[in-house]
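Labels below follow one simple rule: chain letters A, B, ... track the order of the sequence lines, proteins then strands, and each chain is numbered from 1.
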Amino acid sequence: MTLYHFLGLGLLLFAIGAAGFVIRNNAVVLLLCIEIMLNAVNLILASFARYLYGAEGQIFIFIIMTVAAAEAAVGLGIVIALHRGHGTLAMNRIKDLKG
Amino acid sequence: MAPIFQDVNLYCLLPELVLLTGAVVLLFVRGAGRGSAALPVAATTVIVALAAVPLLWGERAVGFGGMIVKDNGALLAQALLLITALVSFAAAADALPERKNNGEYYSLLLFSLVGMGIMTAAGDLLVIFLGMEILALSLYVLVGFLKVVRAGMEGAVKYFLLGSVASAVFLLGLALTYGATGSTQLVAFTAPATMPALLPAAAVLLVVGLGFKIAAPPFHMWAPDVYEGAPISVATYISVAPKIAAFVVLLRLAGESAGPGREALTGAFVFMSVAGMAVGNLAALRQTSLVRMLAYSGIAQAAYILIGLPALSAGGAAAVSFYLLVYMFMNLGAFASLAHLSRRRTGTLRIDDLAGLASRAPGHAFALAVFMIALTGIPPTGGFFAKFYVFKAGIQAGYLGVVLVAVVATVVSCFYYLRVVMVMYGEEGGAGLRGLPAGVTMLGAAIGVMVVMTILTGILPERFLQAASAAFPLLAAGM
């Protein structure tokens with residue numbers, strides 16, 4: 001296993017998250033896709049830290065995890081309020097705004 | 001081991017600490033965040049923070065081991081951000097319903113100011129990311145603050161989802177920068193890299209992620225929906241403040257980059273600029289709602305400013321900061337006028353509703369006309385010189401093609417900006433504007449100041465340009 005295996009896996013995960021964000025329709029699934037992307041970044045940071053530069057990169061991961069948790073909290077709150085107001089989480093059915 | 005506290009230097013975060021104190025008081029002190037007390041407490045906090053800016057001016061306070069660098073550029077941006085917040089407070093006093101938890105609104109707004117202060121002063125990509133997230137998480141909630149408004153929740157969820165993806169893209173850029181150089185400091189961009197092949201990709205990802213904040217393609221789709229769905233005071237704030245903060249970060253990124261990363265960065269700026277001008281202007285042409293027109297116009301304005309970024313060596317830094325200054329006055333004025341006209345009404349304000357405004361509220365129609373003329377870029381307003389300096393820097397740096405696109409885009413933009421003026425002065429009998437507030441209001445006074453400043457920047461552009469370039473001396477000289 002070399003650095004490039006881990007980098008490839010990380011980029012693949014990021015691409016899966018990004019593709020899912022474009023394809024899927026449910027707001028909660030979109031939240032999951034964002035989490036996949038953030039954790040793909042964590043994996044990339046961890047592999048760079050392990051193979052090249054030492055512990056600094058692994059500390060970044062804790063910071064990113066903290067921010068991701070805060071983001072998920074705010075996101076779930078918004079999604080719940082959205083569901084109360086619209087009665088659905090399907091993004092293609094939520095379109096009062098257009099022009 | 002030396003104690004780590006020596007290089008913390010909290011003094012460099014003095015304005016942020018003031019804002020943080022105010023935000024916490026609004027949240028937790030009984031009485032401060034309730035009812036009518038919230039607005040004075042928040043406004044006082046912002047004014048005290050504004051008073052802290054001259055204290056730090058010229059000191060270049062460095063803290064947290066070089067992660068926070070409060071230089072004059074950061075302080076200038078901070079002053080603009082705080083003024084923007086004050087104007088949005090004036091709009092909020094009108095737009096928000098009388099509720100008990102208005103303290104939360106002002107508290108979140110102060111938190112977002114802290115985030116932007118950190119962003120503009122950051123010397124490290126990770127700190128920029130943290131500032132961006134403090135800003136973004138507060139704004140996501142503010143957009144959906146009026147939970148009962150369906151459009152508001154829709155705007156909030158769109159803003160949140162796109163914003164989170166943009167942060168993930170920015171983070172990937174950060175991770176690749178770390179992989180290429182072993183450091184996330186901004187100065188590391190100029191250092192010799194271990195894996196230089198990663199730098200171009202990293203630079204593009206960082207810029208695209210930041211592009212969300214200035215509503216530049218490919219992350220521009222949120223702007224019209226969010227501006228329309230959010231409370232008008234929040235839309236006023238979002239249309240100006242995060243853009244100023246993000247442009248300061250982009251200025252630093254562009255100033256620190258070298259080698260392969262620099263070429264990729266230039267390519268990304270040119271692409272985002274041209275795409276933004278095309279999307280913004282063409283979509284603005286067919287809008288009937290005033291706020292959506294202003295949203296697309298904001299996308300186009302950000303695209304004009306982007307021209308100055310690849311042209312830093314040809315005076316682009318001064319041109320960009322001058323444009324930001326003028327943009328703040330004219331866009332803030334336009335949105336404040338909109339807030340003044342649409343206070344507490346339901347539904348969006350259409351451009352046709354403005355018919356006959358000139359005869360019913362001449363002062364107000366004049367103000368809106370000044371802002372529209374400035375946004376088009378017609379002298380004697382500051383908008384003309386803002387565009388002129390940016391285009392001049394672009395031509396001198398060899399981006400003639402982009403500037404030509406921008407000139408064509410400006411001509412196209414005449415149609416939708418000047419249509420507002422023609423409707424106000426040429427037509428009669430708009431139905432939508434009953435019950436305009438009479439007398440002098442806080443918001444009316446703010447609009448008046450914006451009118452004066454928009455014209456003043458057009459009469460004395462050299463003064464303001466010199467002040468702007470003095471704030472970014474390193475960028476202007478070091479390239």
Is it true that Y417(B) and S297(B) share a donor-acceptor pair across their side chains at a distance under 3.5 Å?
yes
Restricting to non-hydrogen atoms, name the atom on L38(A) and the atom on A68(A) that form the minimum distance, rounded to 0.1 Å.
CD1-CB, 3.6 Å
What residue in A175(B), G179(B), A136(B), S183(B) has the most heavy-atom pairs under 4.5 Å with chain A?
G179(B)
H86(A) (side chain) donor-acceptor with H83(A) (main chain) under 3.5 angstrom:
no
Quick one, I34(A) with E71(A), criterion side chain to side chain contact (heavy atoms under 4.5 Å, CB included). Give me CA distance, side-chain angles, the key distance, then yes/no.
CA-CA 10 Å; I34(A) 291 165; E71(A) 212 171 66; 4.2 Å; yes
Which atoms of A284(B) approach chain A - backbone, side chain, both or neither, heavy atom under 4.5 Å:
neither
Of all heavy-atom pairs linking A295(B) and P224(B), the shortest is CB-CA, 3.5 Å
Toward chain B, the part of L82(A) with a non-hydrogen atom under 4.5 Å:
both
Structural part of I134(B) lying under 4.5 Å from a heavy atom of chain A
neither
Which atom names give the shortest non-hydrogen contact between A215(B) and H220(B), and what distance separates them?
O-CB, 3.5 Å
Among residues 161-172 of chain B, residues within the sub-4.5 Å heavy-atom range of chain A, in order of number, are L161(B), L162(B), S164(B), V165(B), S167(B), A168(B), V169(B), L171(B), L172(B)
Taking V143(B), V157(B), L130(B) one by one, which has the highest count of heavy-atom pairs under 4.5 Å against chain A?
V157(B)
Quick one: closest heavy-atom pair of V127(B) and A122(B), and the distance?
CG1-CB, 3.7 Å
Any idea which heavy atoms bring I351(B) and S289(B) closest together, and the distance?
CG1-C, 4.3 Å
N281(B) and S413(B): which non-hydrogen atoms are nearest, and at how many Å?
OD1-CB, 3.5 Å
Tell me, for T184(B) versus chain A, whether the close heavy atoms (under 4.5 Å) come from the side chain, the backbone, both or neither.
side chain
Flag, side chain of D225(B) to backbone of K158(B), donor-acceptor distance under 3.5 Å:
no
Ignoring hydrogens and angles, tell me if any N or O in the side chain of N25(A) forms a donor-acceptor pair with the backbone of A90(A) under 3.5 Å.
no
The test is side chain to side chain contact (heavy atoms under 4.5 Å, CB included); show your working for L139(B) and L135(B) and say whether it passes.
CA-CA 6 Å; L139(B) 286 188; L135(B) 159 68; 3.6 Å; yes
Residues of residues 42-53 of chain A within contact distance of chain B, non-hydrogen under 4.5 Å
I44(A), L45(A), F48(A), A49(A), L52(A), Y53(A)
Partners meeting side chain to side chain donor-acceptor pair (under 3.5 Å) with Y159(B) (sequence neighbours left out):
none
Side-chain donor or acceptor of D353(B) paired with backbone N/O of R350(B) under 3.5 Å
yes
Residue by residue, scan residues 200-212 of chain B and write down, ordered by number, those that have a heavy-atom distance under 4.5 Å to chain A; if none do, write 'none'.
none
Taking Q287(B) for its side chain and A283(B) for its backbone only, find out whether a donor-acceptor pair lies under 3.5 Å.
yes
If you round to the nearest 0.5 Å, how far is CG of L126(B) from CD1 of I64(A)?
6.5 Å
